[in-house]
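Notes follow once the structure below has been shown.
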Protein chains: 2
Amino acid sequence: MPDSTNPQNPPTPPTPPTSADVARLAGVSRATVSYVLNNAEAVRISEPTRRKVRAAAEELGYVPHAAARSLRAGHTRIVLLPTSHVPAGPLYSAFLNELQWALRRLDYTVVQYGSLGLTGDEAVRAWAELRPVAVISLGEIALSAHNVDTLKRAGARAVITLGPDRVPGAHALVMDQAEVGARAAAHLVERGRHRIGVVVPEEEGLTLFSAPRLAGARATPGAEVTPLDLAYTEESAAALAARWDGLGLDGVFAYNDEYAVLLVRALLDAGLRVPEDVAVVGADDLLIGRLVRPRLSSVRIEMPSGERLAGWVDRAVRVPSAIAERYDLLGATAVPRDST
Amino acid sequence: MPDSTNPQNPPTPPTPPTSADVARLAGVSRATVSYVLNNAEAVRISEPTRRKVRAAAEELGYVPHAAARSLRAGHTRIVLLPTSHVPAGPLYSAFLNELQWALRRLDYTVVQYGSLGLTGDEAVRAWAELRPVAVISLGEIALSAHNVDTLKRAGARAVITLGPDRVPGAHALVMDQAEVGARAAAHLVERGRHRIGVVVPEEEGLTLFSAPRLAGARATPGAEVTPLDLAYTEESAAALAARWDGLGLDGVFAYNDEYAVLLVRALLDAGLRVPEDVAVVGADDLLIGRLVRPRLSSVRIEMPSGERLAGWVDRAVRVPSAIAERYDLLGATAVPRDST
DNA sequence: TTGAAAGCGGTACCAT
DNA sequence: ATGGTACCGCTTTCAA
């Protein structure tokens, strides 16, 4: 295909246009370009000049270089949101989206950084290189005090971790998963079940959630708890159901609704009756729990609005000292249906 | 709580340590610091000097400044992965994780950028500011030729979009969702169903998937297709089921397994029999489809390994001209079970 | 109202 | 073997 206008046709201009290019095209200085494009208030620029600059920028397809800008500014507006490799449930990912949206409204750039396959120290170094103004580590990587220090030295004004264990120097987001386990167990006890199994997913990365949920169940009066390892496969569930009679359990807290549906299916297939032989309660109150039969009892988790959390983060960034060091986040209530 | 060592106790050192700080502490030049910390091969540095530099960096908790580095280098290793606000299914998020992991093994920094609430142009500008070396836009934002141009001018060596429609200048990742719809419809036709409803989720952001799935079903010989709007709520499903008789359908392709489970529940509750009165097929072959009764027929989608796609992206970045402009990605096969 | 110039942190060429 | 230094793109005083 001939190109009559430019036979050489370099497919891409070797370098992106800079503000100097814009200045040259508009016949002004780089300073003026900066003033115009950033709507600087401290300086008056004549309207004709503004037009020229805007037109030149448009023509060149100029986009400012974020790295250069933040280098000059001495800080970024990056909020780093490490993502774990866990296929997050719908509840959690909806929360993340909301948080992300709210942070952008506050003019932060949200960067989700997948840390899969990195050790904690490696991950933290990689995060620190980006000089984020805040790190919200909800995921699988548990931060040490030293890690928090590294991030702070790299300019992070707020480091937020998942509670309830406090990391020195970090703000704690107390999403108390233990409460979820406690509500589930209490609900089973109310139903007269005392020999309670608690499902612990074998999938990695869920420990941060499953461990406190188990602990919360254990701490519930009247509950005698047995942990039950379960992978999210039919085979694993069938194997568990096959040895059910030997377990001597009359109630199960199945980690969440997805695992609960899986387990209930296996139990029914093994000839057990739910809830007569064994009562099952999930968590997260997902739609799927209302679609199966028997309808699944659950524990509803009240997430804060992403907006509220974003506001808290923003305050922590602006006035690190003036903000509470922990932020309670979670309410949990049992939702009885037909499986208990 | 008194702090005897430092009553003033400035909570954070005002600025992160720089390579100049390291150089000063080690008693060497900045150049030497750079050589040592980057294991420069072209330059011989004595072992004692290396030690001093490493020790100083360690002591200060020095972490290089990514922005400064890439500013100097003239390019980044950022692969931008825009995320949509869609609660991605487990299939898709597993794929994303794999891709991300594989890209990091190739030494790219994967940045997921949530573009929720931005228009296409705004989003593209924001991405371009980060000067990514590649953009993999699988999500809800459809790129125009002009958008692709903006990204390319900003230094992106590869812009990858979701097929099958080609955007000039972009590499096309042909994840042909139409094929999914076609397989589902063909399967229903094989089962003797011809008056086929196709569920179109009302949730926003799914259009990029649902539209081609619908079109693929429409193009299937022997299928007379009726689109069915459905939100992912019990109410919406119940409303649809209530007017079912008037629709005169004997088969449904329910977008995916999650919507299928929802719809089947509503149909059963409305007194219809599945598959006798209406055959239902989902897609994605999720575990949930095997747990419900009747077991859900589905269309299995074969995703490529994230590693293969990552390799393709890497080649596109390194030799933009030498790489095929489209990359076929998807295989789809019907998985008959009890609902059809 | 606009321009010249310094400097953010890091790298790499050229000297020494 | 190591140091001096120019430069990447942008913002922001300070002068004119």
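FYI, side chains are in, hydrogens and waters are out, and symmetry mates aren't considered; it's all heavy atoms of this structure. Letters go in sequence order (proteins before strands), and every chain restarts at 1.
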Notebook entry, point to check: Given atom CD of B:E47 and atom P of D:dT2, what is their separation to the nearest angstrom?
Noted result: 10 Å
Next item on the list: Report the distance from atom CG of A:L37 to atom P of D:dT11, rounded to the nearest whole Å.
Entry: 8 Å
Item checked: Close residues, residues 48-77 of chain A, relative to DNA chain D [heavy-atom separation under 4.0 Å] -> A:Y62, A:P64, A:H65, A:A68, A:R69, A:R72
Note to self: Quick check on B:E47: does its CD atom have over 12 non-hydrogen neighbours (other residues, nucleotides or ligands) under 6.0 Å away?
What the structure shows: yes
Notebook entry, point to check: Between B:R318 and B:D314, does at least one N-O distance fall below 4.0 Å, as a salt bridge requires?
Noted result: yes
Notebook entry, point to check: Side chain of A:T32: nearest nucleotide among D:dA1, D:dT11, C:dG3?
Noted result: C:dG3
Next item on the list: May I ask you to verify whether the side chain of A:Y35 and the base of D:dC10 hold a donor-acceptor pair under 3.5 Å?
Entry: no
Check: A:T18 near the nucleic acid: base, sugar-phosphate alone, or nothing, with a heavy-atom cut-off under 4.0 Å?
Finding: sugar-phosphate
Margin query: Quick check on C:dT1: is either OP1 or OP2 less than 4.0 Å from any side-chain nitrogen or oxygen of A:S46?
Written below: no
Note to self: Could you go through B:V36 and B:R54, starting from their C-alpha distance and side-chain angles, then the distance that decides it, and tell me whether this counts as side-chain contact (heavy atoms from CB on, under 4.5 Å)?
What the structure shows: CA-CA 8 Å; B:V36 171; B:R54 294 224 165 82; 4.2 Å; yes
Item checked: First of A:V43 and B:P17 reached from the 5' end of DNA chain C, by closest nucleotide -> A:V43
Item checked: Donor-acceptor side-chain pairing of B:T150 and B:N147 below 3.5 angstrom -> no
Next item on the list: Give the rounded distance in Å between these two atoms: CZ of A:R30 and C1' of C:dC8.
Entry: 13 Å
Notebook entry, point to check: Is the backbone of B:A134 close enough, under 3.5 Å, to the side chain of B:R157 for a donor and an acceptor to pair up by distance?
Noted result: no
Next item on the list: Check whether any side-chain nitrogen or oxygen of B:N38 sits under 4.0 Å from OP1 or OP2 of C:dG10, and answer yes or no.
Entry: no
Check: In terms of side-chain geometry, is the basic nitrogen of B:D21 or B:R24 positioned less than 4.0 Å from the acidic oxygen of its partner?
Finding: yes
Margin query: Looking at A:S29, I'd like to know whether one of its side-chain N or O atoms comes within less than 4.0 Å of OP1 or OP2 on C:dT2.
Written below: no
